[in-house]
Asker: 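This is the structure I want to talk about, given as structure tokens.
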Amino acid sequence: MQNIEVAWIFVELADLLELKGEDFFKIRAYRRAARAIANLDTPLEELKQRGLVGKIPGIGKAIEAKIKEIIETGKLSKHQELLREIPPGVLEIKKLPGIGPNRARILHRELGVTGLDELAQAAKERRVRVLKGFSAKMEWEILNGIGMMRNRHDRVLLSVARELAEELTEFIKILPGVRQVAVAGSTRRWKETVGDLDLVIAAEEAEALLNALATHPRVKEIIDRQEKRLRVYTWWGLAVDFQVVPPGEFLYCLHRSTGSKGHYQRLQEIAEEQGLQLNHHGMGKQGEAPILLNTEEEIYSSLGMNYVAPELRENQREVEAALKGDLPQLIQVGDIRGDLHIHTTWSDSAMDLQEVVKRCREKGYSYAAITDHSQSLKIANGLDCHRLEQQHRMIEEMNREFDDFTLLTGVEMDILPNGDLDYPDEILEPMDVVIASVHTGFKQNRRDMTRRICRAMENEHVDMIAHMTGRLLGRRGPYELDVEALLEMAAKTATVLEINASPDRLDLSDRHAKAAKEAGAKLCINTDAHDLRRLDEMVYGVAQARRAWLTPEDVINTLEIEKLREVLR
DNA sequence: GCCGTTTTCGGCCCGACTGTTTTCAGTCG
């Protein structure tokens with residue numbers, strides 16, 4: 001059992017207890033423990049053997065015992081008990097916008113609804129509006145919310161798909177008869193959310209292989225089974241498609257399954273124009289033996305074009321660019337020299353300054369910026385001017401110890417609802433990196449919100465706007481914004497725009513990041529990490545940048561420190 | 001349920017917004 005799955009049990013336990021109206025602090029303790037577990041570098045099982053589980057901050061005797069139970073039996077009796085008492089559908093109801101634990105409880109108790117379908121039915125019959133604490137408007141919002149949930153229900157975050165893909169490919173590799181295995185589809189193209197996971201396996205024999213996969217512990221149910229294909233639904237909420245292909249056709253099958261459909265069809269057209277045929281069996285002249293190829297690069301070069309990286313295969317004129325030799329030299333993870341948006345224990349993060357420095361140096365960075373929250377964000381323990389100056393003095397002192405690494409001073413400053421900034425200019429002036437971002441008043445109208453961010457860009461000390469549209473994938477849409485106007489303003493004021501690498505944000509989107517470059521703005525890829533593990537999410541931001549056709553020159557945190565300082569100045 | 005260089009008990013991040021139960025409970029970040 002993976003740590004993340006243990007963490008999920010505690011998250012769900014907390015949700016269930018919340019629905020029962022349990023003590024707030026107990027619930028928070030479970031959530032904290034879940035977060036701590038999810039962020040561990042070492043498997044819990046190993047920690048348990050070494051007797052270290054109780055040493056994890058946030059985990060005491062009671063939760064330690066529960067972790068032991070989970071590792072030994074695969075489940076938690078208290079959790080199972082609550083699941084018998086509260087239908088899992090009620091947890092779904094609690095996820096609706098505007099519905100918290102209390103309203104979900106009322107809906108369950110008063111109307112007897114056990115899930116979204118029954119709730120939708122009740123709302124249509126106008127049985128919700130008459131309940132205490134509800135109204136006609138809320139009834140309408142509930143129906144809206146259910147519609148939204150259904151639309152996204154079958155997609156998961158890219159990071160979930162990639163983690164599952166890694167685990168499954170490791171498992172498949174050691175099965176007898178397997179020559180090669182690779183992830184295809186939108187997961188390979190690093191699309192921000194994934195509908196189903198495609199795995200292509202090269203092997204002569206399929207039956208025993210698919211049997212083994214059908215009984216894998218991640219599999220919840222089998223959706224479809226054919227001779228060479230297996231489609232399953234996993235406990236992670238993601239469907240997986242296993243495809244067994246002859247070793248000689250692996251390359252072509254992987255290429256086709258990677259897609260996108262539009263991109264592949266475009267390639268088939270190009271092939272046809274050249275008298276060739278391209279399909280999952282191979283490529284060659286009609287009626288003749290296929291051309292022998294070993295790599296995807298060779299498929300593209302045989303068609304007389306540059307290699308198109310999976311991230312670009314979206315039928316957005318990449319084929320035309322490749323034919324002309326006009327594709328950009330895409331940015332790579334190794335080009336990144338530092339992370340410019342990191343939180344510490346000074347505000348709401350789990351890592352202290354020393355830990356950040358250690359991990360960033362291990363990652364080979366030559367700089368990092370500490371950008372904690374600003375004073376008005378009380379819930380995140382935002383820094384007032386005094387604490388901010390204290391922190392910056394400490395950073396300056398730390399910097400004396402390094403000759404090959406620079407810790408930059410900075411802040412992630414709130415743009416207040418009226419457009420004012422959270423610190424006066426004289427506080428911002430000496431800082432290395434001033435990030436401005438929105439954390440409150442999300443429901444402003446398009447004109448006000450656009451003007452609000454524009455004003456921040458106009459301040460000469462603001463270097464960067466973080467997670468500009470505010471979206472949380474699968475949970476919250478972007479705020480109302482005139483993105484085009486903002487991209488232009490960013491270019492005009494030389495304000496850098498962040499690509500937030502966190503898999504639940506990826507904000508700017510690929511489309512917006514591409515438009516930002518075209519508008520003449522510079523970008524920066526940051527993790528916005530609040531704990532050590534999430535410093536590793538840079539790879540998602542870089543993939544997003546690649547999907548936006550960005551080169552190292554478009555991204556400021558590829559620069560050497562001296563050049564970077566010039567840009568920030 | 002966790003935690004302790006004041007405390008082994010009694011604390012445990014705060015404040016804005018919303019709808020309408022016109023005085024606050026519920027939700028959210």
Side-chain angles (χ1 to χ4, degrees), chain A residues 9-11 13-37 53-69 76 78-79 82 93-110 128-142 144-145 343-350 372-384 387 412 414-418 422 437-445 448-449 466-467 470-472 475-479 502 504-505 507 528 530:
Chain A
I9 291 179
F10 284 109
V11 168
L13 181 61
D15 286 347
L16 289 163
L17 289 171
E18 209 173 27
L19 283 169
K20 286 199 72 175
E22 256 285 5
D23 175 53
F24 167 78
F25 293 106
K26 188 191 267 194
I27 292 165
R28 205 179 62 181
Y30 283 128
R31 295 223 164 100
R32 254 194 209 151
R35 192 176 157 185
I37 293 165
V53 173
K55 297 269 191 295
I56 303 166
I59 292 177
K61 284 215 168 61
I63 294 185
E64 184 181 7
K66 289 186 170 66
I67 291 173
K68 272 192 185 144
E69 186 190 338
L76 180 65
K78 184 167 177 175
H79 174 235
L82 283 166
I93 291 174
K94 191 177 85 82
K95 284 184 198 150
L96 289 167
I99 305 295
N102 290 305
R103 290 190 181 131
R105 188 166 56 234
I106 292 171
L107 289 168
H108 175 49
R109 201 178 52 208
E110 301 295 322
V128 173
R129 62 179 68 189
V130 296
L131 294 174
K132 197 171 171 338
F134 290 84
S135 64
K137 188 170 180 233
M138 287 186 70
E139 198 173 66
W140 185 80
E141 300 258 4
I142 284 172
N144 239 358
H343 296 274
T344 72
T345 45
W346 283 72
S347 63
D348 62 345
S349 156
D372 275 307
H373 290 290
S374 62
Q375 50 193 352
S376 76
L377 205 63
K378 305 277 185 207
I379 190 175
N381 193 22
L383 278 64
D384 60 24
R387 287 179 65 221
E412 181 186 14
D414 264 50
I415 308 172
L416 304 177
N418 66 5
D422 206 11
S437 60
V438 168
H439 291 103
T440 51
F442 297 140
K443 288 188 175 166
Q444 274 179 349
N445 65 45
D448 289 349
M449 186 62 98
H467 47 74
R471 70 173 183 173
L472 290 174
R475 280 190 285 156
R476 183 176 82 201
Y479 354 106
S502 170
D504 44 14
R505 287 191 185 270
D507 182 9
D528 192 3
H530 285 68

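By convention in this document, chain letters (A, B, ...) are assigned in the order of the sequence lines, proteins followed by strands, and residues within each chain are numbered from 1.
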Asker: K26(A) has an atom NZ; how far is it from atom P of dC12(B), in whole Å?
Answerer: 19 Å

Asker: Of all residues at least two apart in sequence or in a different chain, which pass the salt bridge (charged side-chain N to carboxylate O under 4.0 Å, His left out) check with K378(A)?
Answerer: none

Asker: So, using salt bridge (charged side-chain N to carboxylate O under 4.0 Å, His left out) as the criterion, who are the partners of E22(A) when residues are at least two apart?
Answerer: K26(A)

Asker: Could I get the full list of side-chain contact (heavy atoms from CB on, under 4.5 Å) partners for R32(A), not counting sequence neighbours?
Answerer: R28(A)

Asker: Over all strands shown, is Y30(A) touching base, sugar-phosphate only, or nothing at heavy-atom distances under 4.0 angstrom?
Answerer: sugar-phosphate

Asker: How close do R387(A) and D384(A) get, counting heavy atoms only, and between which atoms?
Answerer: N-OD1, 2.8 Å

Asker: For T344(A), which residues count as a side-chain contact (heavy atoms from CB on, under 4.5 Å) partner, sequence neighbours excluded?
Answerer: W346(A), L353(A), V356(A), I370(A), D372(A), Q391(A)

Asker: Considering only atom P, compute the distance from dC14(B) to dC9(B) and round it to an integer number of Å.
Answerer: 25 Å

Asker: Taking only residues two or more places apart in sequence or in another chain, which ones pass salt bridge (charged side-chain N to carboxylate O under 4.0 Å, His left out) with K66(A)?
Answerer: none

Asker: Scan residues 14-23 of chain A against DNA chain B and write down, sorted by residue number, each residue with any heavy atom closer than 4.0 Å; if none is found, say none.
Answerer: D23(A)

Asker: Strictly below 4.0 Å: does R28(A) bring a side-chain N or O up to OP1 or OP2 of dG11(B)?
Answerer: no

Asker: Could you measure between the two C1' atoms, the one in dC17(B) and the one in dG10(B), and give it in whole Å?
Answerer: 31 Å

Asker: Rounding to an integer number of angstrom, what distance separates dT6(B) and dC2(B) when you compare their P atoms?
Answerer: 23 Å

Asker: Just to verify, what does R35(A) make a side-chain contact (heavy atoms from CB on, under 4.5 Å) with, not counting sequence neighbours?
Answerer: N39(A), H530(A), D531(A)

Asker: Using a cut-off of less than 4.0 Å, is there contact between a side-chain N or O of K378(A) and OP1 or OP2 of dC14(B)?
Answerer: no

Asker: Using the C1' atom on both, measure dC12(B) against dG19(B) and round to a whole Å.
Answerer: 30 Å

Asker: Write down the distance separating the P atoms in dT22(B) and dG26(B), rounded off to the nearest Å.
Answerer: 14 Å

Asker: List the residues meeting salt bridge (charged side-chain N to carboxylate O under 4.0 Å, His left out) with E139(A), not counting sequence neighbours, and say none if there are none.
Answerer: R129(A)

Asker: Using a 4.0 Å heavy-atom cut-off to protein, can you give one letter per nucleotide of nucleotides 20-29 of chain B, 5' to 3': B if the base is in contact, S if only the sugar-phosphate is, - if neither?
Answerer: SB----SSSB

Asker: Using the C1' atom on both, measure dT21(B) against dA25(B) and round to a whole Å.
Answerer: 9 Å

Asker: Say we look at dT18(B) and dC13(B): how far apart would their P atoms be, to the nearest angstrom?
Answerer: 27 Å

Asker: In whole angstrom, what separates K443(A)'s NZ from dT18(B)'s C1'?
Answerer: 8 Å

Asker: Do H373(A) and N381(A) pair up side chain to side chain, a donor and an acceptor below 3.5 Å, judged on atom types alone?
Answerer: no

Asker: When the P atoms of dA16(B) and dT20(B) are compared, how many Å lie between them, rounded to an integer?
Answerer: 22 Å

